[in-house]
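Predicted model only: the values in this text are computed from it and were never measured.
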Amino acid sequence: MAVFDTHAHYDSGAFNADRLEVLASMPGCGVELILNPGCDLESSKTALELADRFPYVYAAVGVHPSDCGDWEDGALLELRALAAHPKVRAIGEIGLDYYWKDNPPRALQQNVFRRQLELAQSLHLPVIVHDREAHQDCLTIVREYPQVTGVYHCYSGSLEDAKVLVKLGWMLSFTGVITYKNARKALEVIDWLPMDRIMIETDSPYLTPEPFRGKRNDSSHVHLVAEAIARVKGLTPDEVARITLENGKRFFGIKGGEPNEAP
């Protein structure tokens with residue numbers, strides 16, 4: 001089973017002890033491609049360094065809503081410069097997060113989200129959206145930029161919102177959360193969702209799927225997400241892996257086969 005982990009944070013401190021070893025092991029685990037999104041300028045730079053080091057790793061650059069408290073519009077110039085690198089394939093992880101009480105003010109999050117959507121539009125790049133407890137505001141802002149398409153990562157919205165996003169041309173991505181007992185809403189979305197709009201991810205080091213929940217996540221577990229989707233869609237895990245691999249390559253503009261050896 002060859003899989004594409006379309007969202008994994010190997011820039012995270014959780015990988016400080018063995019980051020390069022873990023990434024080097026991924027081809028042997030059947031992981032063909034990995035996309036590492038940034039959450040601020042420093043993690044975006046680290047994501048790009050890792051993409052330079054490993055042929056099967058790609059990057060996205062952006063400022064996460066939880067990390068936008070010290071935002072200055074000069075950051076757009078730095079993100080634009082980083083995005084000029086050929087292995088940067090999206091602007092992200094960007095969006096809104098109303099879950100944490102100590103997050104930056106909602107008005108600031110919304111402004112930063114809009115500025116980065118404008119950047120993506122000017123660069124003709126897709127976006128990777130983080131939407132946590134902000135479904136209506138997130139969708140409202142997305143609809144302001146009809147020329148921008150992207151993916152809602154770790155999709156947690158309703159079936160009704162999913163239908164709107166599909167109509168707008170967007171993708172939805174799912175994590176190990178769909179293996180949890182309380183995942184009924186996401187499974188309902190997956191049951192309806194056309195297969196050409198689905199991507200899979202780990203969100204490593206977070207959201208580890210069953211039966212490894214509670215341990216550090218990495219891309220070797222993304223096949224468990226494919227298996228969960230296969231059960232819902234009545235497909236084999238290999239079919240889901242193949243379709244989502246092609247979906248991810250199409251979405252991120254990755255052509256043909258990629259080298260599958262560690263450097």
Side-chain angles (χ1 to χ4, degrees), residues 3-23 25-26 29 31 33-40 42-44 46-47 50-51 54 57-69 90-104 109 127-135 138 150-157 171-183 185-187 189-190 198-229 244 248:
V3 290
F4 187 169
D5 184 356
T6 60
H7 196 112
H9 296 283
Y10 285 103
D11 54 273
S12 168
F15 291 106
N16 282 351
D18 58 356
R19 178 177 292 107
L20 299 183
E21 293 83 357
V22 171
L23 277 169
S25 73
M26 287 302 130
C29 299
V31 180
L33 294 167
I34 298 167
L35 192 289
N36 192 130
C39 290
D40 56 22
E42 286 307 309
S43 59
S44 294
T46 300
L50 294 172
F54 294 91
V57 176
Y58 286 79
V61 297
V63 176
H64 188 286
S66 297
D67 297 299
C68 73
I91 300 299
E93 173 179 353
I94 66 176
L96 303 175
D97 191 317
Y98 296 168
Y99 179 78
W100 298 108
K101 302 296 185 185
D102 58 351
N103 264 357
Q109 291 188 42
V127 296
I128 301 169
V129 166
H130 172 102
D131 167 21
R132 191 170 189 189
E133 303 295 335
H135 304 317
C138 206
V151 57
Y152 267 58
H153 108 91
C154 189
Y155 185 73
S156 60
M171 306 284 286
L172 305 182
S173 185
F174 299 90
T175 66
V177 167
I178 67 172
T179 69
Y180 302 167
K181 290 181 179 179
N182 62 348
K185 185 169 70 170
L187 297 178
V189 172
I190 291 167
I198 297 176
M199 296 198 297
I200 59 175
E201 57 169 293
T202 58
D203 200 21
S204 296
Y206 317 107
L207 306 180
T208 311
E210 298 288 3
F212 303 104
R213 191 175 182 181
K215 299 179 180 179
R216 185 186 72 176
N217 204 5
D218 66 50
S219 299
S220 68
H221 295 139
V222 74
H223 71 94
L224 295 168
V225 182
E227 290 171 8
I229 292 172
T244 55

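For the residue pair Cys68 and Pro65, the shortest heavy atom distance occurs at SG-O, 3.2 Å. The heavy-atom pair separating His135 from Ser156 by the smallest distance is CE1-OG, 3.4 Å. Shown here for Pro37 and Gly92, the closest heavy-atom pair between the two residues is CB-O, 3.9 Å. When every heavy atom of Glu201 is checked against every heavy atom of Cys154, the shortest pair comes out as OE2-N, 2.8 Å. When every heavy atom of Gly157 is checked against every heavy atom of Val189, the shortest pair comes out as O-CG2, 4.1 Å. Ser44 approaches Gly38 most closely through the heavy-atom pair OG-CA, 3.5 Å.
Looking at Tyr99 and Ser66, their side chains never come closer than 4.5 Å, going by heavy atoms from C-beta outward. You'll find the side chain of Cys138 reaches within 4.5 Å of the side chain of Tyr152, heavy atoms only. Residues Pro211 and Leu224 meet the side-chain proximity criterion, which asks for heavy atoms closer than 4.5 Å. Side-chain atoms of Phe54 and Ile34, non-hydrogen and from C-beta on, never get closer than 4.5 Å to each other. Two residues are said to be in side-chain contact when any heavy atoms from C-beta on lie closer than 4.5 Å; Thr175 and His7 fail this criterion. Between Val222 and Phe4, the closest side-chain pair of non-hydrogen atoms is not below 4.5 Å. Counting heavy atoms from C-beta on, the side chains of Asp203 and Asn217 never come closer than 4.5 Å. Side-chain contact between Asp97 and Gln109: present, with at least one pair of heavy atoms (C-beta onward) separated by less than 4.5 Å.
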message = Could you go through His64 and Asp40, starting from their C-alpha distance and side-chain angles, then the distance that decides it, and tell me whether this counts as side-chain hydrogen bond (donor to acceptor under 3.5 Å, both in side chains)?
response = CA-CA 6 Å; His64 188 286; Asp40 56 22; over 6 Å; no
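Within the 3.5 Å criterion, the main-chain N or O of Glu210 finds a donor-acceptor partner in the side chain of Thr179. With hydrogens and angles ignored, the 3.5 Å screen pairs no side-chain donor or acceptor of Thr208 with any backbone N or O of Gly214. Side chain of Thr6 to backbone of Ile200: a donor-acceptor contact under 3.5 angstrom is found. Judged by distance alone, with hydrogens and angles left aside, the side-chain atoms of Asp5 form a donor-acceptor pair with the main-chain N or O of Thr202 at under 3.5 Å. No donor-acceptor distance shorter than 3.5 angstrom exists from the side chain of Arg213 to the backbone of Val177, with no hydrogens or angles considered. Ser173 contributes no side-chain N or O that, together with a main-chain N or O of His153, makes up a donor-acceptor pair within less than 3.5 Å.
Screening Leu35, Val151, Leu172 against Met199 for a side-chain contact (heavy atoms from CB on, under 4.5 Å) leaves a single residue, Val151.
For the atom pair CG (Leu50) and CG (Leu20), the distance works out to 7.0 Å, reported to the nearest 0.5 Å. The CZ atom of Arg216 sits 4.5 Å away from atom CZ of Phe15, with the distance rounded to the nearest 0.5 Å. The OG1 atom of Thr244 lies 11.5 Å from the CZ atom of Phe174; values are rounded to the nearest 0.5 Å. Atom CZ in Arg19 sits 7.5 Å away from atom OG in Ser12 (nearest 0.5 Å). Atom CG in Asp67 sits 13.5 Å away from atom CD1 in Ile94 (nearest 0.5 Å). We find the CE-CD1 distance between Met171 and Ile198 to be 8.5 Å, quoted to the nearest 0.5 Å.
For the residue pair Ser219 and Tyr10, a side-chain donor N or O sits within less than 3.5 Å of a side-chain acceptor on the partner.
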